[in-house]
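For reference, the structure discussed in these notes is given below.
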Amino acid sequence: QVQLVESGGGLVQPGGSLSLSCAASGSRIRVNAMAWYRQAPGKERELVASITTDGSTNYADSVKGRFTISRDNAKMTVYLQMNSLNFEDTAVYYCNLRARLLGLGLQEYDYWGQGTQVTVSS
């Protein structure tokens with residue numbers, strides 16, 4: 001019922017920039033928040049940034065001042081602008097959509113994108 005398609009990953013040199021996007025499609029849902037997570041090799045998945053539908057944002061300490069999350073509620077799309085990338089940013093990045101299904105109560109569900117690889121190397 002809900003599908004997320006990510007794009008924008010790739011290879012970049014240290015200090016460079018990348019912009020990720022995640023477009024969601026579906027119906028009969030109410031979106032509460034969108035977020036980006038990442039998982040590096042041998043590491044657990046961690047929250048990178050999140051944004052609510054009213055625009056409130058939250059960032060991991062490691063990316064504050066370098067990454068910016070934004071969204072287009074009408075298009076149900078979330079973006080992540082990544083600047084000043086370094087080696088530690090190398091990971092698979094996943095977008096997340098937290099929503100409830102209309103007509104099925106107030107329970108929230110998490111939907112995930114397929115993941116996009118970001119590699120930072122010199």
Side-chain angles (χ1 to χ4, degrees):
Q1 191 168 338
V2 178
Q3 185 178 35
L4 304 177
V5 180
E6 301 179 30
S7 63
L11 177 66
V12 65
Q13 294 184 339
S17 299
L18 282 176
S19 182
L20 307 181
S21 65
C22 177
S25 62
S27 62
R28 304 287 295 177
I29 63 172
R30 178 181 290 277
V31 178
N32 292 328
M34 293 169 281
W36 288 95
Y37 289 75
R38 68 185 181 186
Q39 187 167 24
K43 304 294 184 180
E44 62 185 36
R45 182 177 295 186
E46 65 174 348
L47 176 67
V48 177
S50 64
I51 185 168
T52 63
T53 54
D54 67 354
S56 297
T57 58
N58 184 51
Y59 295 92
D61 289 339
S62 60
V63 307
K64 287 181 179 178
R66 300 189 297 119
F67 291 10
T68 302
I69 188 171
S70 61
R71 82 281 183 269
D72 185 330
N73 289 335
K75 295 182 178 294
M76 203 177 296
T77 300
V78 62
Y79 307 90
L80 185 67
Q81 177 64 47
M82 304 183 293
N83 299 323
S84 301
L85 287 162
N86 55 56
F87 176 79
E88 289 74 23
D89 296 317
T90 295
V92 176
Y93 285 70
Y94 299 90
C95 66
N96 167 266
L97 179 70
R98 176 160 290 184
R100 69 179 181 91
L101 302 178
L102 299 181
L104 295 179
L106 300 178
Q107 183 176 359
E108 293 184 327
Y109 297 87
D110 284 316
Y111 302 91
W112 297 90
Q114 80 280 8
T116 184
Q117 177 70 49
V118 172
T119 301
V120 183
S121 65
S122 59

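Numbers here are sequence positions counted from 1. Treat the numbers as computed from the prediction; the structure is a model and nothing was measured.
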Heavy-atom closest contact (Ile69 atom, Ala35 atom, distance): CD1-CA, 4.3 Å

Separation between OG of Ser19 and CE of Met82, rounded to the nearest 0.5 Å: 7.5 Å

Over all atoms of both residues, closest heavy-atom pair of Ser70 and Ile51: CA-CD1, 4.1 Å

Cluster link Trp36 to Leu47, ILVMFWY, side chain under 4.5 Å: no

Nearest-0.5 Å distance that lies between atom CG in Leu4 and atom OG1 in Thr77: 10.0 Å

Spacing of CG belonging to Asn58 relative to OG1 belonging to Thr52, to within rounding of 0.5 Å: 10.0 Å

Spatial distance of atom SG (Cys22) from atom CG (Leu97) [nearest 0.5 Å]: 7.5 Å

Heavy atoms from other residues, nucleotides or ligands near CZ of Arg45 exceed 12 (cutoff 6.0 Å): yes

Heavy-atom closest pair, residues Leu80 and Ala49: CD1-CB, 4.3 Å

All side chain to side chain contact (heavy atoms under 4.5 Å, CB included) counterparts of Thr53, not counting sequence neighbours: Val31, Asn73

ILVMFWY cluster, Tyr93 and Tyr111 together (side-chain gap under 4.5 Å): yes

From CZ (Arg98) to CE (Met34), nearest 0.5 Å: 13.0 Å

Option from Asn83, Leu20, Leu85 for which side chain to side chain contact (heavy atoms under 4.5 Å, CB included) with Phe67 holds: Leu85

Indicate every side-chain donor-acceptor pair of residues 5-14 with a distance under 3.5 Å to a residue at least two apart or in another chain.
unit_1, atom_1, unit_2, atom_2, d
Glu6, OE1, Thr116, N, 3.4
Glu6, OE2, Cys95, N, 2.9
Glu6, OE2, Gly115, N, 3.2
Ser7, OG, Ser21, OG, 2.8

Whether Tyr94 and Trp112 hold their rings parallel, tilted or perpendicular, with breakpoints at 30° and 60°: perpendicular

With sequence neighbours excluded, residues passing ring-ring contact (aromatic ring centres under 6.0 Å, His included) with Tyr59: none

4.5 Å side-chain heavy-atom contact, Arg66 and Asn86: yes

Val63 versus Val48, closest heavy-atom pair with distance: CG2-O, 3.6 Å

CD on Glu108 to CG on Leu101, rounded to 0.5 Å: 11.0 Å

Where Gln117 and Ala91 come nearest, the two heavy atoms and their spacing: NE2-O, 3.4 Å

Side-chain touch Arg100/Gln107, heavy atoms, less than 4.5 angstrom: no

Stepwise side chain to side chain contact (heavy atoms under 4.5 Å, CB included) check, Met76 with Ser25: CA-CA 7 Å; Met76 203 177 296; Ser25 62; over 6 Å; no

